[in-house]
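Single-structure report; data block below.
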Amino acid sequence: MELQGVGASAERKLRQIQTLVDYYDAEMGVLAGRLMLAVSLLRDARSVSGLAPEVRAAIEHGEALAVSVMTRILAESGGCGCERIEDEVQALLDRHGGAS
C-alpha cells in the first residue's frame, strides 16, 4: 500500500527504527505489532527520570490508548483462540514490553 500525506510522513519518521518495526510486524502483524512497539517506546519514555507530572500522565495515557486499541483489534480478529483476549494481550506485553 502506497501511503501519501500524513501516512507517508509517519513512515519516513519510522525509517530510523525500521528494523524494530519489521520485527514487530512479522511477530504480531502490522497493526498489533506497531501498537506493541509504540507501547514499548512509551514505556521507555516513561522510565526517564525527572519528567514533569503532566508529561508522565500524557505518556501513560498514550500507552493506555495503544493497549486499548490492540485489545480491540485482537478481539475483532479472533485473537489466538484464548478464552480471554486480556490474557493474550497481557502475555504479549510481558513478552515484548514488560509487565503492565
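None of these values were measured; they are calculated from a predicted model. Position 1 is the first residue of the sequence, and the numbers go up from there.
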Item checked: side chain to side chain contact (heavy atoms under 4.5 Å, CB included) against Ala38, all qualifying residues, sequence neighbours excluded -> none
Item checked: Distance, nearest 0.5 Å, that separates CG of Leu41 from CD of Glu63 -> 11.0 Å
Check: Do you reckon Val21 sits in the same ILVMFWY cluster as Val30, going by side-chain contacts under 4.5 Å, direct or chained?
Finding: no
Notebook entry, point to check: Should Val67 and Leu65 be regarded as members of a common hydrophobic cluster, given that ILVMFWY residues are connected when their side-chain heavy atoms come within less than 4.5 Å of each other, either directly or indirectly?
Noted result: no
Compile the donor-acceptor pairs under 3.5 Å between side chains in residues 11-20 and protein atoms, sequence neighbours left out, one pair per line.
from, atom 1, to, atom 2, distance (Å)
Glu11, OE2, Arg34, NH1, 2.9
Gln18, NE2, Asp22, OD1, 2.8

Next item on the list: Output yes when a side-chain donor or acceptor of Arg46 lies under 3.5 Å from a complementary backbone atom of Arg56, and no otherwise.
Entry: no
Check: Just how far is it from atom CG of Leu35 to atom OH of Tyr24, taken to the nearest 0.5 Å?
Finding: 12.0 Å
Next item on the list: Considering only Ile, Leu, Val, Met, Phe, Trp and Tyr, and joining two whenever side-chain heavy atoms are under 4.5 Å apart, list the other residues clustered with Val6.
Entry: none
Note to self: For Glu27 and Met36: C-alpha separation, side-chain torsions, deciding distance, then whether side-chain contact (heavy atoms from CB on, under 4.5 Å) applies.
What the structure shows: CA-CA 10 Å; Glu27 185 79 10; Met36 181 58 74; over 6 Å; no
Item checked: Members besides Leu42 in its Ile/Leu/Val/Met/Phe/Trp/Tyr cluster (side-chain heavy atoms under 4.5 Å) -> Val48, Leu51, Val55, Ile59
